Amino acid sequence: SQQGEEDPQALSIQEGENATMNCSYKTSINNLQWYRQNSGRGLVHLILIRSNEREKHSGRLRVTLDTSKKSSSLLITASRAADTASYFCATIQETSGSRLTFGEGTQLTVNP
Amino acid sequence: DTGVSQDPRHKITKRGQNVTFRCDPISEHNRLYWYRQTLGQGPEFLTYFQNEAQLEKSRLLSDRFSAERPKGSFSTLEIQRTEQGDSAMYLCASSFGLMNTEAFFGQGTRLTVV
């Protein structure tokens, strides 16, 4: 069963705007990861945030984690048409060993 | 190193036939995962190996599915007596070390059962 739920399911913005995607999960986690998937391709790891971290940055990406609310957000700043993809959050739960449990994903479209 | 490699990239099979997929992980990675993904959904966990040991298998995985990782290197996923509901993208991923590490995914094998 899926652990996470992403919000929104789909997001369409103009190039240069910021995109924010949210993820909620149900059980205690060791870490939360964000992945990107271009249509019909494999997933690419973007960023990992541990359960004892609250915010992390990587280039144009900013991830926050609120373990009290069991939620995370991914912010992509100054978006580009090449950012168009599906974005998934995935958690490693405290009780699941090293299994990654994925959410349903957010489809981001960046219009040029 | 060329990353995680999956073969074949596409497979079309008739219902009732058996199919086998292969995954070659990144060479030093001790953990290997199989996931299944249908259109518009997130990847769904099937099974995972640490070296040659299969440590976890999804309860959703029927007895028609079997996976092996002989010698802790490449892995195979076999589906026996395929059904139309097995049509999906099958993704393999590998990682190294403990749980707080990223997983590297292959490009997937798209299975179509007709």
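Computed from a prediction, not measured in an experiment: that's the story for all the values here. Proteins come first, then strands; the chains are lettered A, B, ... in the order of their sequence lines, and each starts at number 1. Scope of the values below: all heavy atoms of this structure, side chains included, with no hydrogens, waters or symmetry mates.
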- Item | Side chain / backbone / both / neither for Gln37(A) at chain B, heavy atoms under 4.5 Å | side chain

- Message: Asp7(B): which residues meet the side-chain hydrogen bond (donor to acceptor under 3.5 Å, both in side chains) condition with it, sequence neighbours left out?
- Response: none

- Message: Can you see whether Thr91(A) engages Thr101(A) through a side-chain donor-acceptor pair at a distance of less than 3.5 angstrom?
- Response: no

- Query: Going by atom types only, do Gln84(B) and Asp86(B) share a side-chain donor-acceptor pair under 3.5 Å?
  - Reply: no

- Message: Heavy-atom cut-off 4.5 Å, strictly under: side chain, backbone, both or neither for Phe104(B) against chain A?
- Response: neither

- Under a 4.5 Å heavy-atom cut-off, does chain A meet the side chain of Gln6(B), its backbone, both or neither? neither

- Linking Ile, Leu, Val, Met, Phe, Trp and Tyr by side-chain heavy atoms under 4.5 Å, what else ends up with Phe74(B)? none

